[in-house]
Amino acid sequence: MKVLVIGGSGFLGTELVRQATAAGWETAATYHSRPGSIPGAAWYRLDLRASRHIDEALATVAPDAVINVTSGGSNWAVTADCSIRVAMAATRRGCRLVHVSSDAVFSGSRVHYDESCLPDPVTPYGAAKAAAETAVRLLAPAAAVARTSLIIGNGGSVHERLVHALAAGTRDGVLFTDDIRCPVHVADLASALRELALSDRPGICHLAGADALSRHELGVLIARRDGLDATRLRAGRRADTRMPGALDVRLDSRATQRHLRTRLRGAWEFLHVRHDALPHDDADEDAKADTP
């Protein structure tokens with residue numbers, strides 16, 4: 001198997017490259033500013049804004065599969081337009097394409113979202129992601145479009161770093177009790193993406209964890225796992241701020257899970273904390289009430 005990971009130097013991309021090389025795959029990965037350090041992978045600097053560069057990378061690597069894990073946040077040119085260029089290039093070369101999307105494509109109006117739900121984004125980032133996955137499905141109908149949620153690892157994710165900074169007092173802020181997602185472990189997500197790369201399964205897939213947690217509840221679990229003082233994590237409500245975005249978005253991944261060997265664990269399991277391990281917290285009670 002020869003795979004090209006677009007965005008291989010990022011958090012998810014690094015885990016994908018690590019797993020692919022460990023599995024004996026011939027692995028190439030792209031980066032924008034600095035290559036990754038995983039041995040056994042070939043690294044290529046790539047400016048996704050230039051179609052010629054994408055075509056050159058695919059011509060050089062000649063991959064069987066392309067896994068696109070890049071994201072430019074709310075930057076439309078990167079998140080939407082560049083994903084479209086990757087889809088076009090992969091289609092021209094007949095490569096299997098796995099495109100990673102996000103639960104940000106949903107508004108939260110219906111809370112629970114399975115693979116049949118249509119995007120209704122409420123943020124620029126969500127709109128860019130929705131445009132990308134719609135274009136990918138049109139340009140590369142055989143591609144897999146994998147929506148995911150908050151990605152957690154063993155300390156290196158954005159959310160984990162935020163929790164450490166808040167607990168240490170080096171950053172000020174709150175974790176919302178009404179902002180609910182289904183976190184997934186980066187190792188589970190990378191493994192599932194590799195399965196999709198090996199398969200011919202087309203269309204929308206959901207790759208999120210089994211448990212729905214608020215950002216504050218998730219932060220407390222991370223703090224407990226890492227031996228931090230969880231009482232230093234201030235709770236707040238996103239609804240009381242002017243911060244845009246969906247509140248409660250729960251990806252239902254059960255249909256996709258039935259086709260995978262990789263088990264998408266919930267945060268209660270991969271953070272090694274039992275449901276009854278936390279003290280009662282009135283500020284977080286509403287978020288806990290609906291947690292599986």
Side-chain angles (χ1 to χ4, degrees), residues 2-8 10 12-13 16 28-30 32 46-59 61-107 113-121 123-149 151 184 189-190 192-208 249 251 253 255-256 259-260:
K2 185 185 294 186
V3 65
L4 175 62
V5 180
I6 305 289
L12 173 57
L16 262 171
T30 71
H32 178 65
L46 177 63
D47 185 348
L48 286 170
R49 294 167 297 183
S51 297
R52 176 175 58 83
H53 292 177
I54 299 172
D55 287 325
E56 289 174 354
L58 265 67
V61 176
D64 302 306
V66 175
I67 306 177
N68 183 8
V69 301
T70 58
S71 175
S74 59
N75 185 328
W76 189 278
V78 177
T79 300
D81 293 346
C82 292
S83 295
I84 294 170
R85 293 189 185 100
V86 170
M88 293 173 66
T91 300
R92 283 194 294 268
R93 298 198 64 86
C95 304
R96 167 66 168 164
L97 175 63
V98 179
H99 172 83
V100 177
S101 189
S102 167
D103 58 10
V105 302
F106 296 123
S107 69
Y113 293 87
D114 63 21
E115 290 85 346
S116 67
C117 294
L118 298 178
D120 60 341
T123 63
Y125 172 62
K129 276 295 194 182
E133 67 174 47
T134 299
V136 167
R137 296 186 68 190
L138 175 65
L139 296 168
V145 174
R147 295 174 181 145
T148 191
S149 190
I151 306 173
V184 64
L189 178 56
L193 291 172
R194 290 196 304 111
E195 281 196 57
L196 290 177
L198 286 169
S199 76
D200 58 0
R201 183 175 175 81
I204 299 293
C205 301
H206 281 185
L207 301 178
V249 177
L251 290 187
S253 303
T256 299
H259 298 276
L260 296 174

For the residue pair Ser83 and Val136, what are the closest heavy atoms and their distance? O-CG2, 4.2 Å
For the student: nearest non-hydrogen atoms of Gly8 and Ala29, plus distance: CA-CB, 4.0 Å
Among all residues two or more places apart in sequence or in another chain, which pass the side-chain hydrogen bond (donor to acceptor under 3.5 Å, both in side chains) test with Asp64? none
Heavy-atom nearest pair, Asp114 first then Arg147, reads O-NH1, 4.2 Å
One pair to check against side chain to side chain contact (heavy atoms under 4.5 Å, CB included): Ser74 and Thr79. What are the steps and the verdict? CA-CA 7 Å; Ser74 59; Thr79 300; over 6 Å; no
Run the side chain to side chain contact (heavy atoms under 4.5 Å, CB included) test on Thr148 and Val100 for me, step by step, so that the C-alpha distance in whole Å, both residues' side-chain angles and the decisive distance to 0.1 Å come before the verdict. CA-CA 7 Å; Thr148 191; Val100 177; 4.2 Å; yes
Using 0.5 Å steps for rounding, measure from the CG atom of Leu48 to the CD1 atom of Ile84. 12.5 Å
Between the CG atom in Leu4 and the CZ atom in Arg93, the distance rounded to the nearest 0.5 Å is 11.0 Å
For Arg85 and Ile54, indicate whether the former's side chain and the latter's backbone hold a donor-acceptor pair under 3.5 Å. no
Can you see which heavy atom on Leu58 is nearest to which on Cys95, and at what distance? CD2-SG, 4.3 Å
Within 6.0 angstrom of His32 NE2, more than 12 heavy atoms from elsewhere: no
Within a strict 4.5 Å, meaning less than it, do heavy atoms of the Val3 and Pro63 side chains meet? no
In Å, rounded to the nearest 0.5 Å, how long is the span from CG of Leu251 to OG of Ser149? 5.5 Å
Side-chain contact, heavy-atom cut-off 4.5 Å: Val86 with Met88? no
List for me each residue that meets side-chain hydrogen bond (donor to acceptor under 3.5 Å, both in side chains) alongside Asp55, sequence neighbours excluded, and say none if there are none. Arg92
Got a second to check how far His53's NE2 is from Leu46's CG, nearest 0.5 Å? 8.0 Å
Check the pair Ile67 / Ile6 against side chain to side chain contact (heavy atoms under 4.5 Å, CB included), numbers first and verdict last. CA-CA 6 Å; Ile67 306 177; Ile6 305 289; over 6 Å; no
How would you list, by chain and number, every residue that makes a side-chain hydrogen bond (donor to acceptor under 3.5 Å, both in side chains) with Ser101, sequence neighbours excluded? Glu133
For Asp103, the salt bridge (Lys or Arg N to Asp or Glu O under 4.0 Å) test, sequence neighbours excluded, returns Arg181
Mind checking the CG-CD spacing from Leu207 to Glu115? Nearest 0.5 Å is all I need. 8.5 Å
Got a sec, which residues hit side-chain hydrogen bond (donor to acceptor under 3.5 Å, both in side chains) with His99, two or more places apart in sequence or on another chain? none
Does any non-hydrogen side-chain atom of His259 lie less than 4.5 Å from one of Ser199? no
Residues Val98, Asn68; criterion side chain to side chain contact (heavy atoms under 4.5 Å, CB included); working and verdict: CA-CA 6 Å; Val98 179; Asn68 183 8; over 6 Å; no
Nearest heavy-atom pair of Leu260 and Glu195: which atoms, and what distance? CA-OE1, 3.5 Å
Which residues pass the side chain to side chain contact (heavy atoms under 4.5 Å, CB included) test with Cys205, sequence neighbours left out? Leu196, Arg201, Thr256
Between Arg96 and Ala142 (side chain of the first, backbone of the second, donor and acceptor by atom type, cut-off under 3.5 Å), is there such a pair? yes
CG on Leu118 to OH on Tyr113, rounded to 0.5 Å: 11.0 Å
Evaluate the side-chain proximity of Pro124 to Trp76: yes if any heavy-atom separation is below 4.5 Å, no if none is. no
Shortest non-hydrogen separation from Pro121 to Pro119 and the atoms involved: CD-C, 3.6 Å
